[in-house]
Amino acid sequence: MKGLFKSRSHQHANPDSVESIERRRFLELSGKYGFTAALVAGAAGTLLSPEASAAISKEEARRQKAAKYTMTIATAYILGASRSYPIMQLDFKENIQNMTNDQVYVKLAPGGQLGAGGALAQKVQQGTIQAAQHSLSNFSSFAPVVDLINIPYWCGENQKFTNLVNSAAWKNEVDAKIADRGFKALWYVCIDPRVVALRKGRDEIIKTPDQLEGIKFRVPGSKILQQFYRLLGANPTPVAWGETPSASNKA
């Protein structure tokens, strides 16, 4: 829940700040009404209103009790990420509940509570959770066909990506093979094309392929990406998504 509140050290320095009060209120509501109800209240801006928070929590409890099924959707993204990324967790929750006439109640698990990347895909595969949002690169080890998306320069523009994953060819060839692996693609998130990110201490801007010669390159589980960077003379090293921040700081 780091994204909903400022850093912990800041909260300790300002215990009476709005952020600190909201955080305490969020934890209180989580303990009293459940995490998802607290998330919905926080997103609605009602954390500091006991009456409004109670009403939202009551509505969530009613919908969960009336539902025939409960569906858990997990992601590494915080709830507020929809301000910059089209993750739309709360919208997705509401759409599922409304389109199933409240027969399905959706519990949210954002912010990496249940893991990230391939760990989430594995939980879906095992039936621990019902749905997860993660990158196609991290999903490629479970359904290799999606690694097609990582062919360099194939989808350098957002619209080209959207056109591709919504095309008949993609649905017939790729989505069908995903289904053969026991998964179903619900929707594809389009954020932006891939970029090369450099760790601190490297000031050189990589603009041409030859600049990758000899560079140790951290990549997700995509075999196509690994092969691509290897052909350019780089030294691609697969790394789990959850380990990326610490790995990026290593030489």
Side-chain angles (χ1 to χ4, degrees), residues 35-36 39 63-64 67-79 81-82 85-151 154-155 161-191 194 218-228 236 238-244:
F35 186 78
T36 299
L39 280 177
R63 296 182 82 166
Q64 183 172 13
K68 189 174 181 180
Y69 307 99
T70 295
M71 176 181 185
T72 298
I73 300 177
T75 177
Y77 288 94
I78 60 172
L79 198 66
S82 57
Y85 297 142
I87 306 302
M88 302 180 294
Q89 297 181 63
L90 282 170
D91 297 285
F92 195 35
K93 165 183 165 67
E94 283 298 313
N95 285 343
I96 292 174
Q97 291 175 170
N98 293 336
M99 293 178 71
T100 60
N101 293 319
D102 281 335
Q103 289 298 293
V104 175
Y105 177 78
V106 175
K107 293 179 66 176
L108 298 175
Q113 293 175 43
L114 300 180
L120 291 180
Q122 187 173 38
K123 282 183 169 63
V124 172
Q125 188 179 55
Q126 295 170 341
T128 306
I129 59 177
Q130 288 68 51
Q133 186 281 319
H134 41 69
S135 73
L136 289 175
S137 293
N138 287 309
F139 185 52
S140 64
S141 59
F142 296 87
V145 67
V146 302
D147 215 8
L148 285 169
I149 208 70
N150 284 312
I151 295 177
W154 208 29
C155 291
F161 175 89
T162 301
N163 293 345
L164 178 64
V165 298
N166 285 287
S167 67
W170 185 273
K171 293 183 182 301
N172 293 334
E173 296 297 328
V174 178
D175 282 351
K177 289 183 173 63
I178 291 175
D180 289 341
R181 291 298 182 107
F183 295 93
K184 179 175 178 58
L186 297 178
W187 54 293
Y188 293 89
V189 178
C190 182
I191 297 176
R194 292 282 182 184
R218 310 284 181 176
V219 295
S222 166
K223 291 185 178 179
I224 284 183
L225 272 182
Q226 292 172 42
Q227 182 179 6
F228 169 67
V239 60
W241 184 251
E243 299 171 10
T244 302

**Report entry** Thr72/Leu114 under side chain to side chain contact (heavy atoms under 4.5 Å, CB included): CA gap, chis, key distance, verdict
**Finding:** CA-CA 10 Å; Thr72 298; Leu114 300 180; 4.2 Å; yes
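- In Gln103, the CD atom is crowded: over 12 heavy atoms of neighbouring residues, nucleotides or ligands sit closer than 6.0 Å.
- Considering all non-hydrogen atoms of both residues, Ser140 and Val146 come closest at CA-CG2, 3.7 Å.
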Report task. Evaluate side chain to side chain contact (heavy atoms under 4.5 Å, CB included) for Met88 paired with Trp187, printing each intermediate quantity in order. Result -> CA-CA 11 Å; Met88 302 180 294; Trp187 54 293; 4.0 Å; yes
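- Evaluation of the salt bridge (Lys or Arg N to Asp or Glu O under 4.0 Å) rule for Arg63 yields Glu94, Asp102 as partners, not counting sequence neighbours.
- Put simply, CZ on Phe228 and CD1 on Ile224 are 11.5 Å apart, with the number rounded to the nearest 0.5 Å.
- Annotation for Ile129 and Leu120: closest pair CD1-O, 4.0 Å, computed over non-hydrogen atoms.
- Looking at every heavy atom in both residues, Pro236 comes nearest to Gln226 through CG-O, 3.3 Å.
- By the salt bridge (Lys or Arg N to Asp or Glu O under 4.0 Å) test, Lys93 is found to be paired with Glu60, residues two or more places apart in sequence or in another chain being considered.
- Listed for the Asp147 side chain is a donor-acceptor partner under 3.5 Å among the backbone atoms of Lys223.
- Annotation: side chain of Ile149 is in contact with side chain of Leu164 (closest heavy-atom distance under 4.5 Å).
- Across all their heavy atoms, Asp175 and Tyr188 have their closest contact at OD1-OH, 2.5 Å.
- Formation of a donor-acceptor pair under 3.5 Å by the Gln97 side chain with backbone atoms of Ala67 is not found in this model.
- In this structure, CD1 on Ile96 lies 11.0 Å from CG on Asp91, to the nearest 0.5 angstrom.
- Put simply, the side chain of Gln64 reaches to within 4.5 Å of the side chain of Lys107, judged on heavy atoms.
- Residues passing the ring-ring contact (aromatic ring centres under 6.0 Å, His included) test with Phe142: none are found, sequence neighbours excluded.
- In terms of the ring-ring contact (aromatic ring centres under 6.0 Å, His included) criterion, Phe161 has no residue partners (sequence neighbours excluded).
- Shown here are the salt bridge (Lys or Arg N to Asp or Glu O under 4.0 Å) partners of Lys177, two or more places apart in sequence or in another chain: Glu173.
- Counting heavy atoms from C-beta outward, Phe92 and Leu186 have side chains that approach closer than 4.5 Å.
- The ring-ring contact (aromatic ring centres under 6.0 Å, His included) check on Tyr105 picks up nothing, with sequence neighbours excluded.
- The shortest heavy-atom contact between Gln133 and Val189 is NE2-CG2, 4.1 Å.
- The minimum heavy-atom distance between Ile178 and Lys184, with the atom names listed, is CG2-N, 4.3 Å.
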